[in-house]
Amino acid sequence: MNEFCLEISSANKSFPGVKALDQATFQLRKASIHALLGENGAGKSTLIKIITGVHKQDSGKLIINGKEETLNNPNDATKFGISVVHQERNLIRRFSVGENLMLNNMPKTALGLIDYNEIAIQSKKWLKILDLDIDPNTLVSDLTVAKMQLCEIAKALSLKAKILLLDEPTSSLSPQESKILFSLLKKIVREEGVSIVFVSHKLEEVFNICDDVTVLRDGQNACTSEDIKNLDRQKLVRLMIGRDEQIVKSTRKNQNTKDTILALKNVKTELGHKNINLELNRSEIIGLYGLVGAGRTELMKCLIGQDKITDGEVIINGKKVTINSPKSALEKFKIGYISEDRKKEGLILIHNVLDNTSITVWSQIKKAIGFVSDGMISKKVDPYISQLEVKTPSNYQLISNLSGGNQQKISVAKWLAAGTDILIIDEPTVGIDIKTKAYLHELIIKLADDGTSIILISSDMPEMISLADKIIVMNNFQMNGIVENNHDYDSVSSKIMEYIHT
Amino acid sequence: DSSDTKVALVPGGPHPYFAAWERAGQDAVKDFGLGKADYKVPAEWDLSQQNELIESLVGKGYNAVLVFPGDAVGTNKILGELDDAGIPTAALAGCVEQPTKAKMCFGTDTGHSAYLGTKQLIDAMGGKGKIAHFTGFLVDPNTTLRIKAVEKAVAEAGGGVEIIQVIADIDAYEPADEKINAFMAAQGGEVDGIVTTAWVPAVVAAQALTNMGDKRIKMVGIDHDEVVLTAIKDGFVHGTMLQNPYGQGYIGSYAMDKIRGGCTFKADAPWKATAQTDQFIDSGTVFVDSSDVDTYVDAMRGISLEILKTFEDDFLDC
Amino acid sequence: MNKKIPNFIYTNQFGLLCLVLIFTLIFSTSTDGFTSRFNIFALSRVIAIDIMIGLAMMVVILTGGLNLALGAIGVCAAMFGGWCMEVLGIPIIPSILLMLGMGSFLGWINGIITVKTGVHSFVVTLATMSIYFGFMTMLTEAEAFRRLPELFTDFGSAKLFNKYVSPLLLVSVATCFALFYLFRFTDIGRKLIAAGANPEAAELSGISVNRMFIYCHMLSGFLGALAAILLTTRIGAAIPSMAGQLGMDWLLPAFLAPVIGGTLLSGGKLSVFGTMLGAVLVTLLTNGLYLLDVGEFWIRFFLGIILLLAVLLDRTREYFTLKSVIVS
Amino acid sequence: MAALFKKDWFGLLIVVIVSGLAIAVLKPAFLSPFNLYVLMVSISYMLIIALAQMIIIAIGQMNLSVGAIGGLVAISFSGLMEVQQVSVPVAVLIGLIIGMLCGFLNGYITVRSGISAFIITLATLYIFKGINLGITEAEPFYNIPETVKNFGNAKIGNTPIPFLIIIPIIITFLMWIFMNRTETGRHMLAYGNSVQSAELIGISSSKVVITAHVISGFLAAIAGMLVVCRLQLGTPNIGDSWLLPSFAAPVIGGAILAGGKVDVIATSLGVLIVAIISQALVIFKIDPFFVQIFLGVMILLAVFVNRYREYKQEARRKIFSSE
Ligand SMILES: Nc1ncnc2c1ncn2[C@@H]1O[C@H](COP(=O)(O)OP(=O)(O)OP(=O)(O)O)[C@@H](O)[C@H]1O
Ligand SMILES: Nc1ncnc2c1ncn2[C@@H]1O[C@H](COP(=O)(O)OP(=O)(O)OP(=O)(O)O)[C@@H](O)[C@H]1O
Ligand SMILES: [Mg+2]
Ligand SMILES: [Mg+2]
């Protein structure tokens, strides 16, 4: 009688100081792909965590296959054939890929002991499905972020669930990888009748694969199970953010300064980079493009002194310099680095918003005997926090309680506060909603216009082409070429791809 | 009035050596009509804990304290403060170093006891051979005294006796077992005599000799642990240096009551002098070997009564 | 933007404060002598030293590490000070400075080794504990320094406020305020906390994490020496066994106070006043139990039970306050 | 060889072999049957103590009450036999049950309250030790049955191998299987790696934590009883000196205190290294005033050697990743 395999009606969920879900309703049709959309902090992940038994709703019903159920822990959800890829990476870093894939369901020998051969064989199968060429015995900690994400997806698939929840599965995937994933998803929906909930901030993907759409805004439904055919991009955006999308047009003012602020000449690093040459002018945005694993992040870490540059010259403002730590990069040369891995390297999760945002400015604002008070800090960083529209009940909220997107805003805000001359921005909009993404793009342009020189690392080609002045293409720890960016997507992107494959 | 006297007997920590104090205190209450004489054990073997306990006992109304000093120097401060508060104290079983406000030290001259024990050992070895010395924590000043006393006894024996190894810091059973057995393995063939000057090493060494079934190596232990006494009976240990904990508690309580009653120590009392203090009264140190190991309790009681008999006349001005 | 600082009554410190008050009430009504002048004075002195020891450990726990050598450092500093005052005849104030310097120096060694080798501070300080203590025993031959200047030792027995309070407590409380200031109101303090919470993120944010960790170890040594100074004035002498074999008698109070006080063992979160209250609570319990006459051999048992009840009670409080936040 | 080099315990093995050889060359007595016997005896219970701590480190917690559990079991075991005249097997059984109960208590309260195990086991350390002292009033039990004493003393045939080490060897083997080849063991490590992830994955915290603590209590109980066999008396002090060595061996063996990384073999080698060092101090007749200094320096050296291997490995990985 019921076409829904999963329903949530009028669910409420509060966290200290936050109402994450407010009478939220959600219905998943059998054998469909359902997009769950909303701004950062709208409550998407919370909804997913309720469906998977991680959180329990304060009120409201959870109906699975027509029956009201209570889930007390993730295992209960597994029993109902629900499997999930959470927004956060949940692999055991010191275990092998294979063992991670099979962790809930380990093959055993006759003696009841774990059969590692069997693990390798079975997991290999699931890795293959995603076109992943990883040895199942590789340690997860040796994988790149993208590969980890793919492994998690493989793991969720391996449970052969009837309901598959994917919370931003593509946030750190390249277009090619996403494409493989999507055709796979379509296939299991079609052939095995699996129902999928898909969370993403990339609207193209949503239009590409989804059948229905539910949009949350501040924990409430902005729309419920709308057929995607009735929507277009503009409508969807309006549902999500309550107004029209602003198209960022790169209207750079003074990008023609020829005032070289940073130059790398024939740089070699201990991580294996060779022949790196780069010139960054004042107010210029240089893009570093490359497939995941090209060594862009690593190059920048060498530049700021985290790892060593072994040969070649680093010239800042015409002077040859040696940067031996991020501290001197920041304090002496005013270079900042916004990390791509916000949880591990960007933020201090157990500290609050205020402390995280101000970490780079304490030295600047201190008075006699190092005096720094919360008031002084607030005065300094509040403008940035409100400018980025960070969604938090107060400055004293712990970072770990913010939604992913808002966490990313904080890791940007702290570098804005630091007021650097050169800012290295690594994958700034991963997991960021379109509103904030647009805002971040404007911000990057404005920063450059105001005199900051920017090195932008992004695997998001449209982003790269709309922002960068010139794009350096990297592959395999070397520079393959430089593309002058005329902001014409087709021609520039084909040039970039050409360089990647040389 | 004696019934006002409330004596606290405070050992350094939980340890079987002091168990006899409890009985001694009860007997003293009975025999001398004291108000109380209670055995109060610090929860841990730790100077600060002992101080805390003593302070809380005073808070509770005890007005005389007999204490085994958690530290020969460190305990002085609290004794001084008790004295200022009009509470008489004495060091029991071990001494505090002078200058001190403790009325007396009633116990064993640890250095002398080690010296006598070593002498006995050297005699048993026939005046020559190689000796090993096992002892307790180095940071206990008594340990240094003991090491020196053993050296002295050896020096007096002339060139025939030699100390081949000193092992210290073995006041816990597991490391003691490990080290002493390692020693036996490495030097067991060479060594002729063992002197132990702390409870745990004595027990463990006696056990090791018993296990090895080795009667060639002579050993002199310390204190009255059953393992040591049994090994003496069985002939694996030559003898042990006994102290008199019961007598300490019994006579100590008595003396505290007397002092609270207004007695003072005579200026010309027959004090003994030790390395630590010159207000020392020997509670009796005897060497026990297989011949008198069964009767040592009586012997000790005899000594106690002997001391008590002349205690008031010899030491007190009442 | 809402700028309210989290309400005090929702904090761990508040819970501890309640427990302290509850137990004070229980003990003062059910035992005789708890509120006596002598007992309160004695308590204040014990608490003073335990606070200092707790603080000394707290600043290393902040880095996610441990300082097992704390007691050894304390004893070394004390013996060094005793030597300065007694043998060299250096006046009190310079001697105290030298002791603090000694403590910081030994802490610095711990920090340097930890940072340079990347070996966990547990192993490093386990080894340096042995080494420091060994050198101390070797150099002093376990001889105490007893002829310390009277002014110095009198400080330990001095009584203030109608003879209820030891000046040692004032020193400790003042130290608490100083540390509170450091961690809450200075850039360096904030950097120490950030470095402890997430070294990688802190490093990339321009904080020299290694230097911060070394500072923490030095501060620990400094506070350890300060604790040793207090203890020396209390004992009236510098003695090698004042912190037990290898200085390990300090470890229990050192961990109890900060951990009960809400300092995170994995680093990056501390509470100065929590540590203070933790030390107060534990000392109070021990003292109360001694007074309650539970049978001396059972004291540890009851102490354990009450400790357990205390933390469970605090947990319940936390649970209910969190609930009330959600509702509001 | 390359595979060996990658093992966590490889550096430690080198330390053991090199130091063993060095000592043997300088002092041939080191390899005498009696000395090997003594070495094995001291390893026997330390090994179990270290494993009792290791399994708690695996889940990212600490068990401060290992010694207290061991002590409580040791005196219960000997007390039951002396005072209640209980037969040896029954006493062993009761001892094991007490140990597991203590461990269960630790685990249960930790999981239920959500308070750090550090605090809980600190409190139970007081409780268990308190019961121990309350029962014994600090007096040892001496009347240990001959069978137990003989077990503590006997050697296997004419070899220098003590009977005492059989149980630890079996247990080490079982622990290796448990940590590497069983689902529960792997779940423990996963939990230690990241509690949050483990919970999201669906690993039950209470099962993992309680099991680990029960095993820890079980092992502490065995260690306690082995010490009784060895010392041939049940003193209330048993266990007092376990805490630091229990951590030292796993940590020297490369365990990460934050959890998720422990290795049974490396821990065993850690035990061996500590035992060899402390024996070397006796064999070389180190002056007692120097012993502590030497001990500290040796521990540092042992760890540095192991660390050096990791260093090399890291350097290699850096170069590899660029190719
Ligand atoms: N454990 C928690 N404790 C407190 N607040 C929380 C917790 N988890 C989520 N929140 C809050 O609940 C709200 C909804 O968060 P949620 O993670 O569901 O957002 P989201 O829609 O997934 O956002 P994003 O797109 O950034 O991932 C946010 O304001 C977040 O700060
Ligand atoms: N933890 C790690 N251990 C070993 N190798 C690693 C680790 N992290 C990254 N690498 C290796 O370093 C190389 C570059 O990594 P990374 O993916 O960060 O490069 P990138 O060009 O910055 O890519 P992106 O920024 O798109 O993620 C890859 O070959 C990867 O295998
Ligand atoms: Mg989310
Ligand atoms: Mg990268």
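A note on names: the letters A, B, ... follow the listed sequences, proteins ahead of strands, and every chain is numbered from 1.
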Checklist line | Interface moiety of C/L256 toward chain D, non-hydrogen atoms closer than 4.5 Å | finding: both
Check: Considering all heavy atoms of both residues, which atom of C/L126 and which atom of D/A248 are nearest to each other, and what is their separation?
Finding: CD2-CB, 3.6 Å
Note to self: If I compare all heavy atoms of C/A127 with all of D/G296, which pair ends up nearest, and what's the gap?
What the structure shows: CB-O, 3.3 Å
Note to self: Nearest 0.5 angstrom please: C/L312 CG to D/I120 CD1, how far?
What the structure shows: 5.5 Å
Notebook entry, point to check: Are D/L300 and C/I131 close enough that some pair of their side-chain heavy atoms sits under 4.5 Å apart?
Noted result: yes
Notebook entry, point to check: Which heavy-atom pair separates C/F122 from D/L257 by the least distance, and what is that distance?
Noted result: CB-CD1, 3.8 Å
Check: By a 4.5 Å heavy-atom criterion (distance strictly below it), what part of C/L265 contacts chain D: side chain, backbone, both, or neither?
Finding: side chain
Next item on the list: Indicate the atoms forming the closest heavy-atom contact of C/M138 with D/F290, along with that distance.
Entry: SD-CE2, 3.1 Å
Check: Of all of D/I299, D/I119, D/L295, D/I135, which one pairs up most often with chain C through heavy atoms under 4.5 Å apart?
Finding: D/I119
Check: In Å, rounded to the nearest 0.5 Å, how long is the span from CH2 of C/W298 to CD of D/E137?
Finding: 9.0 Å
Margin query: With a strict 4.5 Å heavy-atom criterion, list every residue of residues 275-292 of chain C that contacts chain D, or say none.
Written below: none
Notebook entry, point to check: So which heavy atom on D/Q292 is nearest to which on C/G134, and how close?
Noted result: CB-CA, 3.7 Å
Next item on the list: Working to the nearest 0.5 Å, report the span between CG of D/L64 and CG of C/L251.
Entry: 10.5 Å
Item checked: C/K269 atom NZ: more than 12 heavy-atom contacts under 6.0 Å -> no
Next item on the list: Please state whether the side chain, the backbone, both or neither of C/L246 comes within less than 4.5 Å of a heavy atom of chain D.
Entry: side chain
Item checked: Within 6.0 angstrom of D/F118 CZ, more than 12 heavy atoms from elsewhere -> yes
Notebook entry, point to check: Out of curiosity, C/F301 CZ to D/L133 CG, how far, rounded to the nearest 0.5 Å?
Noted result: 12.0 Å
Check: Closest approach of D/Y126 and C/L252, non-hydrogen atoms and distance?
Finding: OH-CD2, 2.9 Å
Notebook entry, point to check: If you count heavy-atom pairs under 4.5 Å with chain C, which of D/S113, D/G60, D/A258, D/P288 comes out on top?
Noted result: D/S113
Checklist line | Part of D/S116 within contact of chain C (heavy atom distance under 4.5 Å) | finding: side chain
Next item on the list: Could you tell me which portion of D/L243 (side chain, backbone, both or neither) has an atom closer than 4.5 angstrom to a non-hydrogen atom of chain C?
Entry: neither
Note to self: Shorter than 4.5 Å, heavy atoms on both sides: which option in C/I305, C/L139, C/I306, C/L66 has the most such pairs with chain D?
What the structure shows: C/I305
Check: Under a 4.5 Å heavy-atom cut-off, does chain D meet the side chain of C/T137, its backbone, both or neither?
Finding: both
Check: By a 4.5 Å heavy-atom criterion (distance strictly below it), what part of C/L68 contacts chain D: side chain, backbone, both, or neither?
Finding: side chain
Note to self: Heavy-atom pairs under 4.5 Å with chain D - which of C/F255, C/F135, C/F133 has more of them than the others?
What the structure shows: C/F135
Note to self: How long is the straight-line distance from CE of C/M248 back to CG of D/L244, given to the nearest 0.5 Å?
What the structure shows: 5.5 Å
Note to self: With rounding to the nearest 0.5 angstrom, report the CD1 to NE2 distance, D/I256 to C/H120.
What the structure shows: 9.0 Å
Next item on the list: Answer yes or no: are there more than 12 heavy-atom neighbours, outside C/F302 itself, under 6.0 Å from its atom CZ?
Entry: yes
Check: Picking from C/L307, C/T128, C/V259, which has the most non-hydrogen pairs under 4.5 angstrom with chain D?
Finding: C/V259
